[in-house]
Amino acid sequence: MTMGTRRWYFLTVMISVQVVGVILLFWSTGSGNDVQQEHTPLPLPLPVTTIKIDKPQIKATELASSSSSLSTCSKPLERDITIAENKHQYICQYMPEAKQSSGTCTLRCPEMGNKKCIIRVKPSGDDFRKSDAVVYHPGRNLPIEKGHPSQWSVMWYGESQEKHPEKYTEEYLAKYDAHVVFKNWSKYRFTWAQRYWSDFKDIQKVKKQWVPWSQRRTAVAIVSNCKYHTTNRSAVMQEIDRLLQLRGDKLYFFGKCHPGRGKDNLQKEHPSCSKTSDRYKEKICVFRNYKYVVAMDNSIDDDYVTEKIYHALLAGAVPVYAGAPNVQNYIPMSSAAVLIDPKGSLSPVVDQMLDAKSPPPETAWWSEPFSAEFLNNSDIPNPACTICQSIYCGRRP
């Protein structure tokens, strides 16, 4: 083939390709009065900063694991992160997943690889100066003194806004870099549902310790804070006890607060439970012997759902509850507790207690999927881990 022939052959091929391309384009898009086809846009990437669960059977851990794999530290510190607790020395007690040792507890946090989040509950002066963060408990009103410019000051507070509104003002909160509180707006929030999440996840194993329903007594209350409560708790307990006694039963009272006739002897009634030195384990042990537990919080405050209701649930009892208006977002199913009006009639509640010859509808959560709202408030990161990861990754408070 001559040089001229080759050039002519190449030009013919190129023109043919272009003609075919034009024909295909015309055929795919239509012409004249034909309706142009719509092209489906590519899906946008899922957000990774927030987790919203739409179905109860989807667990937050499944979504969290997929999103955390996308979250990376641009410039990690590549060392352990330390938190020093100022004076109070109790936050390690809220972390069953942590490795406990004398004066410290250690967490393994997803974004930190093989580096540790170390919490010192009995720090030395040098620990305070060198730690990455210092936890302050506002009830002690300690001055905030930073050991170095990048040290975080953390407000860790377990009281309600109703009880101490002065601790929740914008001016007061501005004193701290981060806030570990019950409130849903807190980036580093703490919930008792998260504290007991590991037990709820393994509820079938927990159930093996429960006393059969038919062998349980009717109702019990263990209360030790006798001073502050806006839920009318003392009057409620006294009225439930009065109504039960009219029917030949009673409300068992343990703890420091026992309105009316005085308290029952825990050591005598439940000797095996009184052997533990852990007061929370003791309560759960006692509650396993009762069908209903008067588990009312001290305050009426959104998101302020304390350990009381979870101790009843994890004992296989039905909580009789008043407190947080949105408590249904913090229990396994919205129907998992008997919600009462502290100022209303308690006769229907007592009737239900005495009629419950078998587990009532409130116990359906034992075998049903947890609600989406409960998962959003329980299957969440440990707040100490969130703080350590933020410092490790160089994020702002």
Side-chain angles (χ1 to χ4, degrees), residues 83-95 119-123 128 131-147 150-196 223-233 256-257 280 295-310 321-327 329-330 342 376-378 380-388 390-391 395-397:
I83 298 175
E85 187 174 11
N86 196 341
K87 300 295 184 183
H88 226 315
Q89 305 175 5
Y90 69 73
I91 61 176
C92 281
Q93 299 174 30
Y94 297 160
M95 303 176 190
I119 302 166
R120 303 191 188 281
V121 296
K122 296 180 180 179
F128 275 121
S131 66
D132 297 288
V134 173
V135 166
Y136 295 88
H137 301 283
R140 302 182 70 95
N141 293 315
L142 297 171
I144 299 172
E145 299 175 349
K146 292 198 173 189
S150 60
Q151 186 179 76
W152 285 28
S153 59
V154 180
M155 169 185 171
W156 198 300
Y157 198 45
E159 297 294 342
S160 69
Q161 184 172 356
E162 182 196 55
K163 184 177 181 180
H164 289 291
E166 74 280 1
K167 306 295 187 186
Y168 289 86
T169 64
E170 186 175 349
E171 181 182 4
Y172 188 87
L173 293 172
K175 297 179 181 180
Y176 301 91
D177 297 312
H179 315 92
V180 179
V181 293
F182 286 96
K183 289 300 184 180
N184 199 33
W185 50 254
S186 174
K187 183 178 178 181
Y188 311 98
R189 70 189 178 116
F190 169 81
T191 72
W192 280 97
Q194 187 274 332
R195 160 64 178 83
Y196 285 110
V223 179
S224 294
N225 183 345
C226 311
K227 296 180 180 180
Y228 182 88
H229 54 86
T230 58
T231 52
N232 208 29
R233 185 169 57 194
K256 297 177 182 178
C257 309
Y280 289 162
M296 300 168 63
D297 273 319
N298 304 332
S299 298
I300 300 174
D301 192 2
D302 271 339
D303 305 322
Y304 185 72
V305 183
T306 68
E307 77 284 355
K308 301 172 183 63
I309 196 168
Y310 301 111
Y321 183 84
N326 61 341
V327 66
N329 295 339
Y330 288 84
N376 278 330
N377 289 307
S378 58
I380 60 177
N382 181 303
C385 248
T386 309
I387 290 170
C388 277
S390 295
I391 296 172
R395 302 184 188 120
R396 296 177 62 82

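Classification of the Tyr188-Trp152 ring pair by plane angle, with boundaries at 30° and 60°, yields perpendicular. Between Phe190 and Trp156, the ring planes are tilted. Angles from 30° to 60° get that label.
For NZ of Lys122, the number of neighbouring non-hydrogen atoms (other residues, nucleotides, ligands) closer than 6.0 Å is 12 at most.
Counting only distance, with no hydrogens or angles, the side chain of Gln151 and the backbone of Ser131 share a donor-acceptor pair below 3.5 Å. Judged by distance alone, the side chain of Arg195 and the main-chain N or O of Glu307 form no donor-acceptor pair under 3.5 Å. Judged by distance alone, the side chain of Ser390 and the main-chain N or O of Arg395 form no donor-acceptor pair under 3.5 Å.
Using a 4.5 Å cut-off on side-chain heavy atoms (C-beta onward), Ile387 and Val154 make contact. Between Phe182 and Glu159 there is no side-chain heavy-atom pair separated by less than 4.5 Å. The closest side-chain heavy-atom distance from Thr230 to Glu162 is below 4.5 Å. Residues Asn225 and Arg233 form a side-chain contact, since some pair of their non-hydrogen atoms from C-beta on lies under 4.5 Å apart.
The ring-ring contact (aromatic ring centres under 6.0 Å, His included) check on Tyr172 picks up Tyr176, with sequence neighbours excluded. Qualifying ring-ring contact (aromatic ring centres under 6.0 Å, His included) partners for Tyr321, counting only residues two or more places apart in sequence or in other chains: none.
Listed by first and then second residue, the salt bridge (charged side-chain N to carboxylate O under 4.0 Å, His left out) pairs that reach into residues 165-178 are Lys146-Asp177, sequence neighbours excluded.
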